[in-house]
Amino acid sequence: MTITDLGTQEYDSYYKRYIDKLSSHLDLREAFEIGRENIIAFFQSIPRSKHNYQYENDKWTVKEILQHLIDTERVFMYRCFRIARRDKTPLAGFDQDIYIKPSGAKDKQIDELLEEYTICRQNSVSVLASISDHDLQFIGNANGGDMSARAAAFTIIGHEIWHMDIIKERYL
């Protein structure tokens, strides 16, 4: 299953910014494996002196961005799982900004965050392995809009790329 299988009716237009970051030839499940390698290599390559850097006072640090990727993956994989299991209960949105401070990301070492990321990603890989392509097409409601299970999963990968691009442009 690739991004070309995904219809625009399967996600809110807000998520297009992330979906558009994906290669049309990349398989969804392979993307999670490749993404894990890319994220780990990328964050390990960032100089320690930049880990707590903010390009503006009200922006997240590099470590907080990594924590945000972890938190977002948890939320979107939960959406993916529930939608694929035919749960029609509307799924609430989340305020990403309030998650950061209680996460304690600033006080964590990058290796701790990468370990947390790796465990989270392994869980996501496991969840995706348990869901058929047919079930990934099911559409539910997340954050007040239609979302298919596969759109939730694809969003995770595009979201990571989005934030790596921001770090490259504004932090390094």
Side-chain angles (χ1 to χ4, degrees), residues 2-6 8 10-80 93-125 128 142-145 147-148 150-172:
T2 68
I3 200 70
T4 58
D5 298 315
L6 190 65
T8 57
E10 294 182 53
Y11 57 91
D12 185 274
S13 61
Y14 174 82
Y15 301 109
K16 186 177 183 335
R17 69 178 82 188
Y18 307 127
I19 301 295
D20 285 350
K21 291 284 185 183
L22 303 172
S23 165
S24 61
H25 304 292
L26 189 61
D27 175 78
L28 175 62
R29 290 173 181 89
E30 288 176 11
F32 273 77
E33 299 289 351
I34 293 167
R36 173 178 40 216
E37 294 170 17
N38 290 342
I39 286 290
I40 291 170
F42 178 73
F43 279 92
Q44 286 177 335
S45 75
I46 297 173
R48 185 179 177 89
S49 62
K50 293 286 189 174
H51 291 177
N52 286 314
Y53 174 73
Q54 298 167 267
Y55 69 92
E56 289 181 10
N57 285 336
D58 62 339
K59 298 299 180 183
W60 295 336
T61 67
V62 168
K63 291 193 299 186
E64 288 172 329
I65 292 170
L66 179 52
Q67 183 70 64
H68 167 68
L69 295 178
I70 296 164
D71 291 347
T72 301
E73 182 161 340
R74 288 174 172 144
V75 170
F76 275 76
M77 191 48 63
Y78 178 69
R79 290 176 179 179
C80 174
F94 78 107
D95 182 346
Q96 63 189 13
D97 293 318
I98 64 170
Y99 277 51
I100 292 301
K101 187 174 181 179
S103 76
K106 281 185 177 180
D107 299 324
K108 296 176 183 176
Q109 297 300 314
I110 202 76
D111 289 343
E112 292 173 290
L113 286 163
L114 288 171
E115 181 179 356
E116 185 177 347
Y117 171 84
T118 300
I119 292 166
C120 178
R121 178 51 55 94
Q122 189 54 45
N123 179 67
S124 298
V125 167
L128 285 174
N143 199 26
M147 177 171 272
S148 69
R150 64 186 178 185
F154 276 122
T155 299
I156 293 167
I157 303 302
H159 180 253
E160 288 181 341
I161 296 167
W162 171 273
H163 279 289
M164 283 192 295
D165 288 348
I166 289 174
I167 290 171
K168 289 172 192 171
E169 293 169 16
R170 300 179 187 169
Y171 288 77
L172 301 178

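- Every side-chain contact (heavy atoms from CB on, under 4.5 Å) that Asp5 has, sequence neighbours left out, goes to Met1, Thr2, Arg150.
- Nearest heavy atom pair, residue Cys80 against residue Leu128, reads SG-CD2, 4.1 Å.
- Residue pairs satisfying the ring-ring contact (aromatic ring centres under 6.0 Å, His included) criterion with at least one member in residues 28-53, sequence neighbours excluded, are listed as follows: Tyr53-Tyr171.
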**Prompt:** Which is it for Arg48 and Ile110 under the side chain to side chain contact (heavy atoms under 4.5 Å, CB included) test, yes or no, and what are the steps along the way?
**Reply:** CA-CA 8 Å; Arg48 185 179 177 89; Ile110 202 76; over 6 Å; no
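- Annotation for Ile39 and Leu114: closest pair O-CD2, 4.4 Å, computed over non-hydrogen atoms.
- With sequence neighbours left out, the side-chain contact (heavy atoms from CB on, under 4.5 Å) criterion links Ser24 to Ile3, Thr4.
- Annotation for Leu113 and Ala105: closest pair CD1-O, 4.2 Å, computed over non-hydrogen atoms.
- Remark: Leu26 pairs with Ser23, Ala31, Ile34 by the side-chain contact (heavy atoms from CB on, under 4.5 Å) rule, at least two apart or across chains.
- Legend: salt bridge (charged side-chain N to carboxylate O under 4.0 Å, His left out) pairs involving residues 152-164, not counting sequence neighbours, sorted by first then second residue: Arg121-Glu160.
- Pairing each heavy atom of Ala151 with each of Glu10, the nearest pair is CB-O, 3.4 Å.
- The closest side-chain heavy-atom distance from Cys120 to Leu69 is not below 4.5 Å.
- With rounding to the nearest 0.5 angstrom, the CD1 atom of Ile40 is 3.5 Å from the OG1 atom of Thr118.
- Among residue pairs with one or both ends in residues 52-69, none qualify as salt bridge (charged side-chain N to carboxylate O under 4.0 Å, His left out); sequence neighbours excluded.
- Not a single side-chain hydrogen bond (donor to acceptor under 3.5 Å, both in side chains) links Thr155 to another residue, sequence neighbours left out.
- Note that CD1 of Ile19 and CG of Asp12 are 11.0 Å apart. Values are rounded to the nearest 0.5 Å.
- Other residues, nucleotides and ligands place more than 12 heavy atoms under 6.0 Å from the CZ atom of Phe94.
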**Derivation and outcome, side chain to side chain contact (heavy atoms under 4.5 Å, CB included), residues Arg79 and Asn143** = CA-CA 10 Å; Arg79 290 176 179 179; Asn143 199 26; 4.0 Å; yes
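- Aromatic ring centres of Phe76 and Tyr15 lie closer together than 6.0 Å.
- One distance of note links CE of Met164 with CD1 of Ile166; it measures 11.5 Å at 0.5 Å rounding.
- With sequence neighbours excluded, the residues satisfying side-chain hydrogen bond (donor to acceptor under 3.5 Å, both in side chains) with His159 are His68, His163.
- Applying the salt bridge (charged side-chain N to carboxylate O under 4.0 Å, His left out) definition to pairs two or more places apart or across chains, those involving residues 14-32 are Lys16-Asp20, Lys21-Asp165, Arg29-Asp133.
- Summarising the local packing, CD of Glu115 is surrounded by 12 or fewer heavy atoms from other residues, nucleotides or ligands at distances under 6.0 Å.
- Distance check: Leu66 CG to Lys108 NZ gives 9.0 Å after rounding to the nearest 0.5 Å.
- Contact of the Trp60 side chain with the Gln96 side chain is registered, since non-hydrogen atoms from C-beta on lie closer than 4.5 Å.
- Every residue two or more places apart in sequence or in another chain that forms a side-chain contact (heavy atoms from CB on, under 4.5 Å) with Gln54 is listed here: Thr61, Lys106.
- Take Glu33 and apply the salt bridge (charged side-chain N to carboxylate O under 4.0 Å, His left out) test, not counting sequence neighbours, and it matches Arg36.
- The salt bridge (charged side-chain N to carboxylate O under 4.0 Å, His left out) search around Arg170 returns none, not counting sequence neighbours.
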